[in-house]
Amino acid sequence: KTPAMPKCYFLTLCGGSTLDQHSNNVTLFNIVEQVNLQPNVEPPPGAYLPLEVHAYFLLGPGELSQPFEVRFALVAPSGLELLTDATPHKSTTPRYRTRSLGLPAPAVPGNYQVCVDIRQPGMDGFTRETLHWPLVVARIEPKPTTVH
């Protein structure tokens, strides 16, 4: 029997965020659904998009204080996946927020999906959440030079 795992109920990409110390509320800045790559510049291998990935989880009673690992996948229409490293998490509360910096930069423009994978430490495979975030990766065409 597969043990119960935390469930991701919110996922978004943004340019930045702030946490209010008094209310414990998070404010997200510049929610991102499209990234523009520079023309004629390929991102170097291993490059990351400078975005924050926010993933919020719900935990059941048996999942509190239990370690779990999360990674993010940038999935291309072709099925190709760019993966982040897995990060360990543990929560003592039923709701748990994560903020990760950076997402692997794809070399090819297109419509991608950002997905959340979860597993228990020591397990081989990850479980992919059904929730995902759409991300368009576009290449800005150089503007023609205007001569007056």
Side-chain angles (χ1 to χ4, degrees), residues 1-140:
K1 167 173 161 17
T2 314
M5 294 297 287
K7 190 92 188 106
C8 184
Y9 68 90
F10 178 73
L11 174 68
T12 192
L13 299 177
C14 66
S17 62
T18 183
L19 176 67
D20 184 298
Q21 297 296 328
H22 301 292
S23 69
N24 199 30
N25 286 335
V26 174
T27 301
L28 304 175
F29 302 106
N30 302 325
I31 302 272
V32 175
E33 293 178 297
Q34 178 168 324
V35 171
N36 297 320
L37 300 176
Q38 292 303 314
N40 311 320
V41 179
E42 293 299 317
Y48 273 71
L49 300 171
L51 298 173
E52 290 186 7
V53 185
H54 287 255
Y56 292 14
F57 296 90
L58 278 175
L59 288 81
E63 298 160 358
L64 297 179
S65 301
Q66 297 302 308
F68 63 100
E69 294 177 343
V70 174
R71 74 175 180 194
F72 299 101
L74 192 63
V75 182
S78 66
L80 179 76
E81 297 185 1
L82 296 169
L83 301 170
T84 65
D85 292 334
T87 24
H89 296 280
K90 190 191 286 195
S91 177
T92 55
T93 58
R95 289 196 324 270
Y96 182 67
R97 301 189 289 225
T98 68
R99 180 186 75 161
S100 306
L101 299 174
L103 204 58
V108 182
N111 295 310
Y112 290 82
Q113 289 184 342
V114 179
C115 299
V116 183
D117 295 343
I118 302 181
R119 75 174 174 195
Q120 287 196 298
M123 300 297 280
D124 285 340
F126 279 85
T127 302
R128 176 144 302 163
E129 294 284 299
T130 50
L131 183 75
H132 63 268
W133 183 264
L135 179 66
V136 176
V137 177
R139 194 172 289 287
I140 311 170

For Ser65, what residues pass the side-chain hydrogen bond (donor to acceptor under 3.5 Å, both in side chains) criterion, not counting sequence neighbours? none
When rounded to the nearest 0.5 Å, the distance separating CD of Gln66 from CD of Gln120 is 7.5 Å
With sequence neighbours excluded, what pairs up with Pro134 under the side chain to side chain contact (heavy atoms under 4.5 Å, CB included) test? none
How close do Arg95 and Thr93 get, counting heavy atoms only, and between which atoms? O-OG1, 2.8 Å
State, yes or no, whether a side-chain contact exists between Val35 and Val136 at a heavy-atom distance under 4.5 Å. no
Can you see which heavy atom on Val32 is nearest to which on Gly15, and at what distance? CG2-N, 4.1 Å
Which pair of non-hydrogen atoms, one from Leu135 and one from Val114, has the smallest distance, and what is that distance? CB-CG2, 4.3 Å
With the side chain counted from C-beta on, respond yes when Leu28 and Thr12 share a heavy-atom pair under 4.5 Å apart, and no when they do not. yes
Gap between atom CH2 of Trp133 and atom SG of Cys14 - 0.5 Å precision: 9.0 Å
Test of understanding: with salt bridge (charged side-chain N to carboxylate O under 4.0 Å, His left out), list the residues that count as partners of Lys7, not counting sequence neighbours. Glu129
Go through the structure and list residues passing side-chain hydrogen bond (donor to acceptor under 3.5 Å, both in side chains) with Thr84, not counting sequence neighbours. none
Atom pair CD1 (Ile118) and CD (Glu69), whose distance is rounded to the nearest 0.5 Å: 11.0 Å
Ring pair (Phe, Tyr, Trp, His ring centres under 6.0 Å): which pairs involve residues 74-93, sequence neighbours left out? Phe68-His89, His89-Tyr96
By salt bridge (charged side-chain N to carboxylate O under 4.0 Å, His left out) - contacts of Arg128 (at least two apart): Glu81, Asp117
Suppose we screen for side chain to side chain contact (heavy atoms under 4.5 Å, CB included). Which residues come up paired with Asn36, at least two apart in sequence or across chains? Gln34, Ala138, Ile140
Would you list the pairs meeting ring pair (Phe, Tyr, Trp, His ring centres under 6.0 Å) in which at least one residue belongs to residues 5-38, sequence neighbours left out? Phe10-Tyr56
Taking all non-hydrogen atoms of both residues, which atom of Pro67 and which atom of Pro121 are closest, and how far apart? O-CD, 3.4 Å
Closest non-hydrogen contact found for Leu83 with Arg71 is CD1-NH1, 3.6 Å
Interatomic spacing from CZ in Phe72 to OG in Ser100 - rounded to 0.5 Å: 4.0 Å
What's the spacing between Lys90 NZ and Leu64 CG if we round to 0.5 Å? 11.5 Å
Could you tabulate the donor-acceptor pairs under 3.5 Å formed by side-chain atoms of residues 45-54, not counting sequence neighbours?
unit_1	atom_1	unit_2	atom_2	d
Glu52	OE1	Ser17	N	3.4
Glu52	OE1	Ser17	OG	2.6
Glu52	OE1	His54	NE2	2.8
His54	NE2	Ser17	OG	3.4

Heavy-atom pair of closest approach, residues Pro106 and Leu74: CD-CD2, 3.6 Å
Which residues pass the side chain to side chain contact (heavy atoms under 4.5 Å, CB included) test with Ser23, sequence neighbours left out? Asp20, Asn25
Arg97: salt bridge (charged side-chain N to carboxylate O under 4.0 Å, His left out) partners, not counting sequence neighbours: none
Within this structure, what is the CG-CG distance for the pair Asn30 and Leu13, rounded to the nearest 0.5 Å? 12.0 Å
Partner residues of Pro109 under the side chain to side chain contact (heavy atoms under 4.5 Å, CB included) criterion, sequence neighbours left out: Arg139
